[in-house]
Each structure stands twice: as structure tokens, then as C-alpha cells.
Amino acid sequence: MSRLKISRSGLRKVAMQEIRPSVTQRDIICAEIAAPPTAIVVFGASGDLTRRKLLVGLIELFKRGLLNERFYLLGCGRKKLTSKQLRQIAQQAIQENSTDTSAKAIAPFINSLYYVSGDYNDASFYENIKIKLAELGKKHKVDGAVVFYLAVPPFLYGTIVKHLGSAGLSCPDEPDSRQRVRLVLEKPFGFSLQSAVELNNKIHRCFDESQIYRIDHYLGKETVQNILMFRFANTIFEPVWNRNYIDGVQITIAETIGVEHRASYYDKAGALRDIFQNHMLQMLALVAMEPPISFEADHVRDEKVKLLRSIRPFKLGELDDVIVRGQYGPGSINGREVVGYREEPGINPESRTETFIAAKLLIDNWRWKGVPFYLRTGKRLARKNTEIAITFKQVPHSMFISAGLGDMPSNVLVLRIQPQEGISLSFQAKQPGSKACMSTLNMNFSYKSVFGVEMPEAYQRLLLDCVVGDQTLFTREDDVEVAWRLLTPVLETWQKDDAAPYEYPAGSYSFGQADSLIESDGRKWRKLGGA
Ligand code: BG6
């Protein structure tokens with residue numbers, strides 16, 4: 001499929017007046033909106049996120065012609081680096097992670113990178129940034145449009161935002177400039193309901209909600225975005241997408257990796273805060289929400305929040321029946337011995353932090369009343385697998401009962417988020433030969449074989465959307481708070497009780513208590529990686 005590059009005004013022009021025969025309606029829909037002249041200021045520019053995701057995402061946009069020529073990036077951080085050193089770091093990161101890294105292809109981008117160091121608590125740092133922005137703005141002809149990207153540990157968010165406000169860099173009182181100044185925050189956004197509300201309040205003193213882009217990188221994944229297209233651009237699924245036809249839904253995020261080099265963050269967070277509160281609930285919201293009025297940011301976000309609000313609160317006295325936590329012990333993954341969570345470098349040997357969650361959620365609304373949503377996520381599991389599986393009810397009556405086919409398998413629709421991105425639908429069909437011989441077949445769609453491309457990294461999508469000012473794929477204040485409202489009582493209960501998470505061997509598929517959670521309802525977890 002061809003991809004045009006059209007500026008906002010160009011897009012309007014093409015859409016309204018000049019549809020030349022060579023520009024089809026599909027081209028217009030598939031056109032990317034190219035970024036206007038912009039500065040990106042990255043706090044935490046010497047860190048891992050900047051190196052692995054931001055610089056690599058930006059260079060891809062640059063190579064696709066989607067970053068404006070009038071662009072620059074100002075890296076900020078505590079580490080004393082020069083602009084030249086940031087450029088070297090960027091060059092190396094790009095060479096490791098991108099194709100076509102010839103000097104010609106990347107030089108203009110590399111030459112637009114700058115760095116300034118300072119102390120996040122020191123007001124003079126922000127004055128320096130302001131001076132630098134004025135100077136670079138002139139040089140690159142960028143007039144006031146700036147994205148502040150906080151790629152720093154979350155405890156620094158409040159401090160940096162306050163100083164941006166005091167230095168007059170957030171401009172909340174000038175509606176015209178406000179639209180061109182944006183703030184991007186990485187997850188986790190708060191550690192509980194109270195801390196999220198406090199953080200939202202602090203940020204709102206300096207930035208209006210329309211300027212804030214809270215990243216959940218799952219929303220930038222093509223396959224997650226496709227949930228909306230799949231549900232709302234087809235007629236055939238929506239009529240059966242409800243309690244009358246659906247028996248249950250399973251959402252899985254299984255990883256083979258362990259805690260890696262993030263011990264100090266992860267041991268305080270755990271799987272509920274790290275993945276469940278954000279990525280899992282976002283996927284649940286997209287798969288279960290009502291149809292939004294339009295593909296406008298707030299229409300989509302309104303429906304997500306409404307859905308999250310309808311999730312039945314956990315009964316704290318009966319938590320073990322509906323939400324179970326595990327922690328990986330020693331084991332082996334793909335034939336390689338790995339240590340248990342408590343032996344990982346930097347982890348407290350007595351840690352009670354969970355690395356696995358299995359939960360059953362019920363949604364109290366007309367569409368979903370009584371349909372269980374089973375969610376599970378874990379680190380150091382046997383297979384990497386993220387998917388949403390929708391199991392339909394069995395046929396109401398089998399006419400093949402005399403042939404021994406009383407209990408017919410259900411149709412299962414699987415949205416495969418990663419790897420092997422695609423969609424499959426299982427159904428029963430007659431096998432050639434004997435009269436009543438039937439088997440379960442799969443209709444399978446694979447992105448790779450149909451579109452012949454690797455999935456673009458989520459950060460490319462999200463970075464471009466921040467720069468063009470589209471908030472659809474970013475979580476809104478109320479979205480974050482409603483998710484914390486559901487989960488904070490669970491976290492508090494776990495903190496009070498003395499119980500440790502159940503141990504599961506690294507490399508396993510599940511463990512007894514997680515299995516019981518679903519099996520007590522007469523259902524089974526899907527095998528990781530299929531069926
Ligand atoms: C991050 C979590 O948000 O998502 C990590 O902090 C997790 O712990 C990662 O590994 C998973 O993302 P992906 O894109 O690899 O599924």
C-alpha cells in the first residue's frame with residue numbers, strides 16, 4: 001500500500017478540492033500527517049530509553065520524510081555530555097537498530113542533536129534551557145513549537161514540570177502557544193490512586209490536559225490499534241460481540257525475559273503496576289468498549305474510560321478467588337538455566353514482589369454482564385505471547401449427536417498482538433471422507449505474509465502523534481485514575497497481608513493457583529503460543 005506524505009494544510013486541500021485521479025481515497029486515508037517545525041526537548045537524554053527507543057524512532061520518522069526539516073532535539077540531563085558526545089551515542093544506537101545508516105541518510109538528523117547538562121532541582125538549569133531554545137529556535141527556524149519529553153524516573157516528573165512552569169516554558173495561560181507546547185510522560189504514572197491524583201494535580205498547575213501525552217506504548221502497537229478497525233470497520237463482528245454470543249475472553253501478556261537491568265524500579269512496582277494497570281487494562285478497554293462516535297481522541301478515550309468504570313471492584317475478602325500473584329523461581333528457558341527472581345542482581349532476597357498476575361474481571365454493563373474476562377501476565381514464562389482470545393458460546397443444540405458429536409468445540413477468535421502478529425478464527429468443518437467426520441480448522445491472517453513488512457515500532461507512531469498533536473493513543477487523566485481506583489485496594493490488601501506470591505519455576509506455562517482461578521469456572525487457560 002502506498003504511503004503519501006502530506007502536511008496538514010496539504011491534506012485539507014487534497015481532501016476538499018483537488019482530488020487528482022492519481023490520488024485515491026485510500027491514499028488520502030493512508031497518508032501520514034508530517035510533523036510541523038518542532039523542537040523536542042528530552043529530559044534523561046543520556047539514558048537507555050532515549051538511546052533504544054526515542055532516537056531510533058525519530059530517525060525512522062526522519063528517513064520517511066515525516067520529521068520537518070525545521071527540527072532539532074535538545075537533550076537534557078544530569079550527566080555531563082557535550083552535543084558531540086550525544087551525537088556519537090545517537091549514531092551508535094542508530095547503527096545498531098536501523099537500516100540504511102549511511103552518513104548521507106542520517107547526517108542531517110544527527111547534526112540537529114544538542115545537549116545541555118544540569119541539575120533537575122536547580123532553576124538555573126531551566127533558564128539555560130530557555131536560552132538554548134531561543135538560540136536553536138532561530139538557527140533551525142522553529143518558532144515556539146516544543147515537545148518536552150520526560151524520559152526520566154517518575155519521581156522527577158513533579159520537579160521538572162514545576163520548573164518548566166516557573167521558567168515560563170509551559171505557557172498554560174496563552175491558548176495559542178499552549179497548543180504548540182506539549183509534555184510527554186512515560187509510565188508508570190503514579191504508584192497508586194493517591195499518587196496518580198497528586199501527580200495529575202501538580203502537572204495541571206503548569207500544563208493543561210490538552211498538552212499532556214501519557215505514553216502507554218501498547219497503544220502504539222499496530223496490532224493493538226487494529227482492534228478498533230477490526231471491531232468498528234466491519235459489520236459482521238459487532239452483532240455477536242456481547243454476552244449473547246461470547247462465553248469468555250482471555251487476555252495474555254507472557255514474556256520470557258526476567259527483570260533484566262531494571263531491578264530497582266521493578267522490585268517496587270511488580271507486575272500489577274508494571275503491566276496490568278496499563279497495558280492489560282488498555283487492551284481490555286479497546287476490546288470491550290462501546291463504539292465511539294468517531295475516531296477523535298476524546299470520543300475514543302471517553303468510551304475507554306466508561307468501560308474501565310464498569311469493571312466490578314474486587315471483593316477484598318475474596319481476592320484469592322479472583323486475582324492470584326506469582327513470582328518466578330529458578331528454572332530454564334529455551335534450554336538455558338536462569339536464576340529465580342530473588343537471586344536477580346539488585347533484588348531483595350526476601351522480595352514479595354509479584355512477577356505474574358492472573359485475574360478474573362467482570363464488567364457490569366448490558367453488553368458484558370456475566371461474561372468473564374480472564375487476564376494474565378508473567379515474566380520468565382515458557383513463551384513470549386501477547387494475545388486476546390474471544391471464545392464464543394457453543395452451538396445451542398448439536399444435530400450431530402447421533403454421530404457422537406454432542407459437545408462441539410467453540411469458535412475462538414484470536415487477535416495475536418505479538419509475535420506472529422495476526423488474527424485467526426477457529427471453526428468446525430467437515431473432513432473429506434466419512435459422513436460425519438468433523439475437525440476444527442483455523443482461518444488465519446498474518447500481517448507479515450499479507451503486508452510483507454515488519455511491524456513498525458510503537459514509538460514511531462507515538463512520537464509522530466505527539467509532534468502533530470493527536471492525543472488518541474495517549475491515556476487521559478481520568479483513564480489513569482480509574483485504573484488505579486480499581487487496583488489500589490488490591491495493592492493495599494496485599495501489602496497488609498503476610499502472604500508471599502506463589503512461586504513458579506522460570507520457563508513454566510502457569511502454576512496451580514493460577515490454573516484453579518479459571519478451572520473453577522469450568523474453563524482453561526489457552527496454551528501459550530496457541531490453541
Ligand atoms: C513495559 C514493561 O512497559 O512493557 C516491561 O515495563 C515489559 O516490564 C514491556 O517487559 C513489554 O513490552 P513489549 O512491547 O515487549 O511487549
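Counting convention: from 1, in listed order, for ligands and their atoms alike.
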* Structure fact -> Under 4.0 Å between heavy atoms, the region of Ile257 that gets near ligand 1 turns out to be side chain
* Structure fact -> If you compare Glu255, Arg262, Glu457, Lys221 by their heavy atoms, the one closest to atom 5 (C) of ligand 1 turns out to be Arg262
I need the atoms of ligand 1 closer than 4.0 Å to a non-hydrogen atom of [X], numbered in the order shown.
| X | answer |
| --- | --- |
| Lys379 | 5 (C), 7 (C), 8 (O), 10 (O) |
| His217 | 1 (C), 3 (O), 4 (O), 12 (O), 13 (P), 14 (O) |
| Asp274 | 2 (C), 5 (C), 6 (O), 8 (O) |
| His279 | 1 (C), 3 (O), 4 (O) |
| Lys384 | 15 (O), 16 (O) |
| Lys187 | 1 (C), 2 (C), 3 (O), 6 (O) |

* Asked: Looking at side-chain heavy atoms only, is the closest gap between Asp247 and Ile390 below 4.5 Å?
  ->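 Counting from C-beta outward, Asp247 and Ile390 never come under 4.5 Å.
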* Asked: Any side-chain heavy atom of Val414 within less than 4.5 Å of one from Ile423?
  -> no
* **Any Thr386 heavy atom less than 4.0 Å to ligand 1** =>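 Judged by the 4.0 Å heavy-atom criterion, Thr386 does not count as contacting ligand 1.
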* Heavy atom of Glu260, distance to ligand 1 below 4.0 Å ->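 Judged by the 4.0 Å heavy-atom criterion, Glu260 does not count as contacting ligand 1.
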Geometric class of the [Y]/[X] ring pair [parallel <30°, tilted 30-60°, perpendicular >60°]:
| X | Y | answer |
| --- | --- | --- |
| Phe148 | Phe43 | tilted |
| Tyr459 | His217 | parallel |
| Phe451 | Phe445 | perpendicular |

* To do: Hey, could you give me the CD/CZ distance between Glu344 and Arg262, rounded to the nearest 0.5 Å?
  =>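 Reported to 0.5 Å precision, the distance equals 12.0 Å.
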* For residues Asn200 and Arg214, is any side-chain donor paired with an opposing acceptor at under 3.5 Å? ->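 Checked: Asn200/Arg214 side chains pair up, N/O donor to acceptor below 3.5 Å.
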